[in-house]
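Below, chains carry the letters A, B, ... as their sequence lines are ordered, and counting in each starts from 1.
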Amino acid sequence: MNDATPATRPDQRQQDIRHDFTSAEPRWQAEWEKRACFSVPDVPPPEARKYYVLEMFPYPSGKIHMGHVRNYTLGDVVARYKRARGHLVMHPMGWDAFGLPAENAARERGIHPGTWTYQNIANMRAELKRMGLSIEWDREFATCDAEYYGRQQKLFLDFYRAGLVERKESWVNWDPVDGTVLANEQVIDGRGWRSGALVEKKKLSQWFFSITKYAPDLLEALDGLDRWPERVKLMQANWIGRSEGARVRFRLAGPVADTTEVEVFTTRPDTLFGMSFLAVAAEHPLAQAAAARDPKVAEFVAECRRMGTSEAAIEQAEKRGCDTGFRVAHPFIEGATFPVWIANFVLMEYGTGAIFGCPGHDERDFEFASKYGLAITPVVLPPGADPASFTLDGAAYTDDGTIFNSGFLDGLDVAAAKRRAIEALEAKGQGTGVVNWRLRDWGVSRQRYWGCPIPFIHCEACGVVPVPDDQLPVKLPEDVDFSKPGNPLDNHPTWKHVACPSCGKPARRETDTCDTFVDSSWYFARFCSPRAEAPVTKAAVDAWLPVDQYIGGIEHAILHLLYSRFFTRGMRDTGHLTLAEPFAGLFTQGMVQHESYKGADGRWLYPEEVEFSLAADGTRSGVVKGGNEPVTIGRVEAMSKSKRNTVDPGAIIDRYGADTARWFILSDNPPERDMEWTESGVAGAYRFTQRLYRLVATALPGLPPAGPVPEGAEGAKKLRQATHRTIAAVTEALESFAFNVAVARIHEFANAIAEAGGGEEMGAARREALETIARLASPMMPHLAEELWSLLRPGTEALVAQLPWPEADPALLRAETVTLAVQVLGKLRGTIEVAVDADEATIFALAEAEENVQRSIAGKPIRKRIHVPGRVVNFVV
RNA sequence: GGGGGCGUGGCGGAACGGUAGACGCAGGAGACUUAAAAUCUCUCGGGCGCAGGCCCGUGCGGGUUCGAGUCCCGCCGCCCCCA
């Protein structure tokens, strides 16, 4: 290769050798489909090693975006790799198809939500298919299919019968103009996002899944999820929010109406002796009682109500309070009483709506007590502090220490004092140790059309009656009117009027539909037997679940995953399946980002509207294409339609092909991080696909037929070692999701093949190398791999998609010699080449003799010799 | 405010406590072209030196170690989650 022959200009000829991805990619996609390469049975044979790969299914917005490309490429690499490793791989795809955008389209453009959704699905399916994903499309479904949501209704009813569903009153955001309930994110500055009307709080009867029943298990089981990212588990644990503490009953010094006690929840019963006040929420009965007899208190209570009630708002708001005039007795200190205040930072929804204040060891209490001149008594002594002289220095002390000023708790540490205090409370009958949870029950009622109808009927005589199983599915009506405000299901003239299944009298259908998080909480189970009569087939889910590798965005780290974990438990307890954890392995990918561009007038520009140029000093600038309007190159940020910094996957595939898009997306950086989509990066990936093709195509005439590789010349052995080391390295990289490293190793291997040249004696080793590189690249560039394979093995039956993964020959992984770094005092002074089995004395002698090492030692005595086999020699002088 | 994570060339990033910067992108020089594209070769952290080579360098300051990007302590900055 290096002995150039200018007269014939070999590269001139080579330039015409090009991989025509435009025809090749659809051809191989058709071939995979024809051979049903990716099909698996609902119930795998007992000897099969099953592997379930799943990416979070998309919302059918109409077009795929780069985030989808990244997500599905990652999953496809795993699926193809695991298949090659001999697993029976299930890799399905479906659509998270219910939700508000379809109703918005209906309102704005008069198109039916169903029509809009199924059109979008058709578009997106075609786009996904162009990516060459190894998906079993026969398992496809959309959550808006009656075949799907009907089974969901069956699960809903089973959960109801198992006591996992309840109906209770709850506050909602009500838009009085649109006549709809708004999600929190639809309320902007207290106004409805569409109508701009002031949102009101309204109490409605709503459906709830009793997720809190599983709170302890949902928390504890996180420990067993060893292939989940730690931070996701941490986020879930925080969300579930277990806190240990005590309920303490304080006797009122004088009864208030019929009330003689106030119950408080606290996580710090160890600090009870540091109490200086008791505080209740504005909605608390005691606050109401105080308000009733004192207009000033009433005014304060009303003020609290107007304030935001989110935890964040409360954290930031100034701590304010108002004395009720009531007093409570201390459970431990005989004869001591403390004032009862109303405080704006106490929440009625959390715990009991009342707290006891210990300003010495709680920051909020400290702030409150300081402001209103309430007593501050320290009862926890920091390590090393002197109890006689210790004072709090302008802040609460919240860390561990030794209890003092606390009677029978004195001398204990915080944890021990909590236990003792609870024992004492229980002995006196004034309290109990309890566990409190932050997790609330899951409200699933939505007052919308495009969702799964909740299968109940309201009867005046019989109350809430479940729809009998044989009347499922409760289908959405087709003829709906979106011109009126409110829920179209409720507005529908006939749909909701039905006979009560119990007494037969006229009754009314439930018009609420399910939160779309319900739809995505069990789709992974339905994929195992997507056409089954029951929601799932037990033999299928028991065999296929859990999902071995689940891949999706970090934005679903809490809700979707938690709800799915809940649903799986619910399905277990209603006999549908037998496991608790649906996702054994979880991988969360980063976002796809791009530079953003603005025109001279500040309008956002699409990347394809900008023409770039490079100045002599390396700075890049841009102008609007076809003119000279200057462009401001902005930050690299998440692709978004509003900033127009998007790249259309369809256009990329048109121009470079799916393999190039996949290769670039994998090569740029580790998949858990945010990646930057760059035009030059894609171009580089494209160059590599062509280079690989050329490497194979030009070598082809000189290759011997396929067969065993003989022991060859020295050069051949080097190439064979590179081949087998690359197999080992790529395998390891794929196993650990280091796809960018796998790509780098394949690049290096391509360089090694090119450098090895094409001498006659190299033939068999060269064939082995080229066949191997095609196969190693196949999970990432499946079409090109097939194309290369068909060149290398014309007429062969098997596709790369059907071949087993290459095996590295251990004999070729071993090296005869190894390069050791030689350091003097930890600084690199040279390297030596030694036989792998050389003894230490030989190695030290050789290292010491090295010219540059000699100079560094400079005749000084060597005090210590360190040898790390295969790595380094270090002399201490 | 609490919790978690991350800081390595111009850029994305490699690196079981053991030769920092693999691989790619961008850049530079050259070859082939009338030219461009494509392709190929060389170069590419900073400084000193004709060179052999030397010094500095993984956010900053300490520490542990024969040896620290990696481990420990304290800062600074950025990101995420819960508020």
Side-chain angles (χ1 to χ4, degrees), chain A residues 1-2 4-18 229-241 310-316 363-364 367 398 438 554-555 557-558 588 590-591 593 595 612 614-620 636 663-664 666-670 672-688 690-691 694 698 729 732-733 738 740-751 754-755 819-832 851-852 855-856 862-877:
Chain A
M1 283 296 259
N2 290 334
T5 45
T8 57
R9 298 211 326 258
D11 47 323
Q12 181 71 29
R13 271 187 280 110
Q14 285 173 20
Q15 80 174 32
D16 301 317
I17 302 172
R18 305 212 112 210
E230 283 303 319
R231 63 181 187 132
V232 173
K233 290 197 273 186
L234 198 72
M235 280 155 74
Q236 294 233 336
N238 289 339
W239 188 263
I240 296 166
S310 75
E311 288 179 49
I314 281 157
E315 199 67 37
Q316 271 151 20
E363 284 168 23
R364 288 193 307 198
E367 198 185 317
T398 56
R438 187 181 166 279
I554 187 76
E555 66 274 18
I558 298 177
T588 52
M591 290 183 300
Q593 307 182 315
E595 270 181 343
F612 298 97
L614 204 64
D617 64 351
T619 52
R620 225 159 45 99
V636 173
W663 188 253
F664 172 55
L666 294 164
S667 68
D668 189 58
N669 67 353
E672 67 275 14
R673 296 196 207 165
D674 291 346
M675 76 164 287
E676 185 190 354
W677 185 274
T678 60
E679 195 57 25
S680 55
V682 199
Y686 178 72
R687 277 201 297 275
F688 185 70
Q690 292 297 355
R691 181 165 176 235
R694 230 180 302 118
T698 55
E732 192 193 327
N740 57 323
V741 178
V743 165
R745 294 289 98 88
I746 290 174
H747 268 284
E748 286 174 67
F749 188 30
N751 293 343
E755 277 163 29
T819 307
L820 296 182
V822 184
Q823 303 176 335
V824 177
L825 288 170
K827 279 184 189 288
L828 181 74
R829 294 303 167 184
T831 58
I832 54 170
E851 195 190 342
N852 207 39
R855 212 176 8 249
S856 294
I862 296 172
R863 291 219 332 262
K864 196 171 174 187
R865 295 174 169 84
I866 293 142
H867 171 225
V868 183
R871 291 281 177 184
V872 76
V873 172
N874 191 11
F875 294 119
V876 185
V877 297

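- Considering only side-chain atoms of A:R745, the nucleotide from B:U19, B:A22, B:C23 that sits closest is B:A22.
- With a cut-off of 3.5 Å on both pairing distances, the Watson-Crick or G-U wobble partner of B:G53 is B:C48.
- With distances taken from any side-chain atom of A:L234 to the nucleotides B:G52, B:U19, B:G3, the minimum falls on B:G3.
- In this entry B:C71 has B:G63 as its Watson-Crick or G-U wobble partner, both defining distances falling under 3.5 Å.
- Nucleic acid contact class of A:V876 (heavy atoms, under 4.0 Å, all strands): sugar-phosphate only.
- Distance NZ (A:K233) to P (B:G4): 15 Å, rounded to an integer number of Å.
- Taking atom CZ on A:F664 and atom C1' on B:G24, their separation rounds to 10 Å, with Å as the unit.
- Residue whose closest nucleotide on RNA chain B sits further toward the 5' end, between A:L820 and A:G681: A:L820.
- Atom CD in A:E676 sits roughly 12 Å away from atom C1' in B:A26 (whole-Å rounding).
- Distances were taken from every side-chain heavy atom of A:H747 (C-beta onward) to each of B:C40, B:C66, B:C23; the shortest belongs to B:C23.
- With rounding to whole Å, A:F688 atom CZ is found 13 Å from B:U39 atom P.
- Taking every side-chain heavy atom of A:P670 into account, B:G13 is the closest of B:U19, B:G4, B:G13.
- For the OP1/OP2 pair of B:C56 and a distance below 4.0 Å, the side-chain nitrogens and oxygens of A:K827 include at least one atom meeting the criterion.
- If you find the closest nucleotide of RNA chain B to A:T678 and to A:D668, the one lying nearer the 5' end belongs to A:D668.
- Side-chain atoms of A:E230 and base atoms of B:G4 include no donor and acceptor less than 3.5 Å apart.
- An OP1 or OP2 oxygen of B:C54 is reached within less than 4.0 angstrom by a side-chain nitrogen or oxygen of A:R829.
- Nucleotide B:U33: unpaired (no Watson-Crick or G-U wobble partner with both distances less than 3.5 Å).
- Between B:C81, B:A14, B:G18, one nucleotide has an atom nearer to the side chain of A:N740 than all others, and that is B:A14.
- Side-chain proximity of A:N852 to the nucleotides B:G53, B:U19, B:A14 is greatest for B:G53.
- The shortest distance between the side-chain N/O atoms of A:N874 and the OP1/OP2 oxygens of B:U19 is not below 4.0 Å.
- Closest to the side chain of A:R231, out of B:G53, B:C80, B:G18, is B:C80.
- For A:D674 and B:C81, the CG to P distance is 11 Å, given to the nearest whole Å.
- Salt bridge present: A:E748 and A:R745 bring a charged side-chain N and a carboxylate O closer than 4.0 Å.
- At a cut-off of 3.5 angstrom, the base of B:A38 holds no donor-acceptor pair with the side chain of A:R687.
- Regarding A:Q593, its CD atom lies at a distance of 12 Å from the P atom of B:C79, rounded to whole Å.
- Considering only side-chain N and O atoms, A:N669 lies nowhere under 4.0 angstrom from the phosphate OP1 or OP2 of B:G24.
- Between the P atom of B:C11 and the CD atom of A:E595 lies a distance of 14 Å, rounded to the nearest Å.
- In this structure, B:G9 is classed as syn because its glycosidic torsion stays within 90° of zero.
- Checking B:G53, B:A14, B:G18 against the side-chain heavy atoms of A:R673 singles out B:A14 as nearest.
- When heavy atoms are screened at a 4.0 angstrom cut-off, A:Q823 is found touching base atoms of the nucleic acid.
- Test A:F664, A:F749, A:W663 against A:F688 for ring pair (Phe, Tyr, Trp, His ring centres under 6.0 Å) and you get one pass: A:W663.
- Within the shown strands, B:C6 is the pairing partner of B:G77 under the Watson-Crick or G-U definition, both distances less than 3.5 Å.
- Between A:N740 and A:S667, the closest side-chain pair of non-hydrogen atoms is not below 4.5 Å.
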